[in-house]
Peer 1: 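Encoded as structure tokens, here's the structure I'll be asking about.
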Amino acid sequence: MIPTTEGKFAAYYSERGLAQLDFPGDERKCDGKETNGGAPSSEVQRWHAMTAKALKAALAGRTPRELPPLDLSSGTEFQQRVWGVLRQIAAGRTKSYSEVAAEIKKPGAARAVGGACGANPIPVLVPCHRVLAAKSRLGGFSGGLDWKRKLLAREGIQLD
DNA sequence: TAACATTCCGCGC
DNA sequence: GCGCGGAATGTTA
């Protein structure tokens, strides 16, 4: 668990890196292989420290200096492609679903992009909240639109 | 096949 | 201009 000014975030790690990050209170189902019962390896502890630092920076509206390795192997190739685009969005900037779709050479797949964002296991660090619908409307958000609004506000993004 | 965190077009207000 | 209904669209479980 990572305590922040916004509450406690739950982090789950696989052998490759950070695999999932959950919003406070949002107890998602941890499919079987969560934390190993015994002592976490020193590697995981190091990742956890990085995650905590990066998360706090992101919540403060700053770009994290360094991120822990992310294990995105749970997603499909299409989703990983989308997440890759999301991570290219600079803090304070936004992209629309259709623009992201165009980025990955699949215009018209705006709706599919929305699906990929919703499947994103690592919110905040993979800035799924910087993706808006066309005409700078909010669109949706898995953890609740409150979070999306709050995160955008933290980065100084104002919607009309 | 059904279900979406979309988008676009056409109306009515 | 804004909101709503309906159709087209790509990906996923």
Side-chain angles (χ1 to χ4, degrees), chain A residues 1-2 4-35 51 54-64 67-160:
Chain A
M1 298 271 263
I2 301 176
T4 71
T5 56
E6 305 299 330
K8 293 175 293 186
F9 283 70
Y12 303 92
Y13 301 88
S14 72
E15 303 182 351
R16 305 207 206 151
L18 177 62
Q20 187 171 333
L21 193 66
D22 286 349
F23 284 109
D26 181 18
E27 299 247 345
R28 220 154 149 186
K29 42 182 56 180
C30 29
D31 45 358
K33 52 179 175 186
E34 48 170 314
T35 59
T51 303
L55 180 57
K56 287 173 186 171
L59 287 177
R62 294 183 296 108
T63 302
L67 292 175
L70 306 181
D71 181 12
L72 274 31
S73 62
S74 59
T76 67
E77 190 174 355
F78 175 81
Q79 290 170 339
Q80 293 184 30
R81 216 132 126 238
V82 171
W83 299 337
V85 172
L86 298 192
R87 291 175 46 179
Q88 290 175 19
I89 306 178
R93 300 291 303 273
T94 62
K95 250 181 175 29
S96 69
Y97 291 101
S98 56
E99 277 193 283
V100 174
E103 281 281 325
I104 59 179
K105 276 304 191 188
K106 296 204 168 175
R111 199 153 179 203
V113 169
C117 290
N120 171 23
I122 311 176
V124 187
L125 262 42
V126 175
C128 47
H129 57 277
R130 297 200 194 127
V131 185
L132 307 180
K135 198 176 173 289
S136 65
R137 274 205 287 252
L138 264 185
F141 199 67
S142 305
L145 284 176
D146 291 346
W147 279 105
K148 191 164 184 174
R149 269 193 278 263
K150 189 177 298 184
L151 290 170
L152 290 175
R154 282 289 169 78
E155 299 185 357
I157 297 173
Q158 43 197 337
L159 343 126
D160 317 279

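Values below: every heavy atom of this structure, side chains too, minus hydrogens, waters and symmetry copies. Protein chains get the first letters and strands the later ones, always in sequence-line order, with residue 1 at the start of each.
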Peer 1: Where is the tightest heavy-atom contact between A:Lys148 and A:Leu138, given as atom of each residue plus distance?
Peer 2: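 Closest approach of A:Lys148 to A:Leu138, heavy atoms only: NZ-O, 2.7 Å.
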
Peer 1: Stem ranges for DNA chain B, with three or more consecutive Watson-Crick or G-U pairs under 3.5 Å?
Peer 2: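 Counting only runs of 3 or more consecutive pairs, the stems involving DNA chain B are B:1-4 with C:10-13, B:6-13 with C:1-8.
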
Peer 1: Within the 4.5 Å heavy-atom criterion, are A:Gln20 and A:Ile122 side-chain neighbours or not?
Peer 2: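 Result no, sub-4.5 Å side-chain heavy-atom pair not found.
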
Peer 1: Which pair of non-hydrogen atoms, one from A:Leu21 and one from A:Leu55, has the smallest distance, and what is that distance?
Peer 2: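 The answer is CD2-CD1, 4.1 Å.
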
Peer 1: List in numerical order all residues of residues 77-92 of chain A for which some heavy atom is under 4.0 Å away from an atom belonging to DNA chain C.
Peer 2: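 The answer is A:Phe78, A:Gln79.
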
Peer 1: If the threshold is 4.0 Å, N to carboxylate O, is there a salt bridge linking A:Arg130 and A:Glu155?
Peer 2: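 Yes.
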
Peer 1: Quick one: A:Glu99 CD to C:dG10 C1', roughly how many Å, whole number?
Peer 2: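 Rounded to the whole Å, the gap is 18 Å.
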
Peer 1: Checking A:Leu151 now: which residues fulfil side-chain contact (heavy atoms from CB on, under 4.5 Å) with it, not counting sequence neighbours?
Peer 2: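 Only A:Leu59, A:Val124, A:His129 meet the side-chain contact (heavy atoms from CB on, under 4.5 Å) criterion with A:Leu151.
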
Peer 1: Sequence neighbours left out, cut at 3.5 Å: what donor-acceptor pairs do the side chains of residues 71-92 of chain A make with other protein atoms?
Peer 2:
from	atom 1	to	atom 2	distance (Å)
A:Asp71	OD1	A:Ser73	N	3.1
A:Asp71	OD1	A:Ser73	OG	2.7
A:Asp71	OD2	A:Ser14	OG	2.4
A:Thr76	OG1	A:Gln79	N	3.3
A:Gln79	OE1	A:Thr76	N	2.9
A:Gln80	NE2	A:Leu72	O	3.1
A:Gln80	NE2	A:Gly75	O	3.1
A:Arg81	NH2	A:Ile104	O	3.4
A:Trp83	NE1	A:Ala116	O	3.0

Peer 1: Contact list please: residues 109-116 of chain A against DNA chain C, heavy atoms, distance less than 4.0 Å, in numerical order.
Peer 2: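 Residues of residues 109-116 of chain A under 4.0 Å from DNA chain C: A:Ala109, A:Arg111, A:Ala112.
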
Peer 1: Holding to side chain to side chain donor-acceptor pair (under 3.5 Å), I want the full list of residues that pass it with A:Glu99, two or more places apart in sequence or in another chain.
Peer 2: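 By the side chain to side chain donor-acceptor pair (under 3.5 Å) rule, A:Glu99 matches no residue at all.
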
Peer 1: My understanding is that only residues two or more places apart in sequence, or in another chain, count here; which of them pass side-chain contact (heavy atoms from CB on, under 4.5 Å) with A:Ala133?
Peer 2: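 For A:Ala133 the side-chain contact (heavy atoms from CB on, under 4.5 Å) partners, ignoring immediate neighbours, are A:Tyr97, A:Arg137.
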
Peer 1: Using the heavy-atom set of chain A and a strict 4.0 Å cut-off, write down the first and last nucleotide of DNA chain B that makes it in, 5' to 3'.
Peer 2: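 From 5' to 3', the first and last contacting nucleotides are B:dC4 to B:dT7.
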
Peer 1: Please list, chain by chain and in numerical order, all residues satisfying salt bridge (Lys or Arg N to Asp or Glu O under 4.0 Å) with A:Glu6, sequence neighbours excluded.
Peer 2: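 With sequence neighbours excluded, A:Glu6 shows a salt bridge (Lys or Arg N to Asp or Glu O under 4.0 Å) to A:Lys150, A:Arg154, given in chain and number order.
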
Peer 1: Among all residues two or more places apart in sequence or in another chain, which pass the side-chain contact (heavy atoms from CB on, under 4.5 Å) test with A:Arg111?
Peer 2: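 Checked A:Arg111 against side-chain contact (heavy atoms from CB on, under 4.5 Å); zero matches.
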
Peer 1: Checking all strands, does A:Ser142 fall into the base, sugar-phosphate, or nothing category for heavy-atom contacts under 4.0 angstrom?
Peer 2: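 Base contact - A:Ser142 has a heavy atom under 4.0 Å of at least one base atom.
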
Peer 1: How close do A:Pro121 and A:Ala19 get, heavy atom to heavy atom, and via which atoms?
Peer 2: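 Taking every non-hydrogen atom into account, CB-O, 3.5 Å.
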
Peer 1: Of all residues at least two apart in sequence or in a different chain, which pass the side chain to side chain donor-acceptor pair (under 3.5 Å) check with A:Ser98?
Peer 2: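 So A:Ser98 forms a side chain to side chain donor-acceptor pair (under 3.5 Å) with A:Ser96.
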
Peer 1: Output, in order, the C-alpha distance, side-chain angles, deciding distance and verdict of ring-ring contact (aromatic ring centres under 6.0 Å, His included) for A:Trp147 and A:Phe141.
Peer 2: CA-CA 8 Å; A:Trp147 279 105; A:Phe141 199 67; 8.3 Å; no

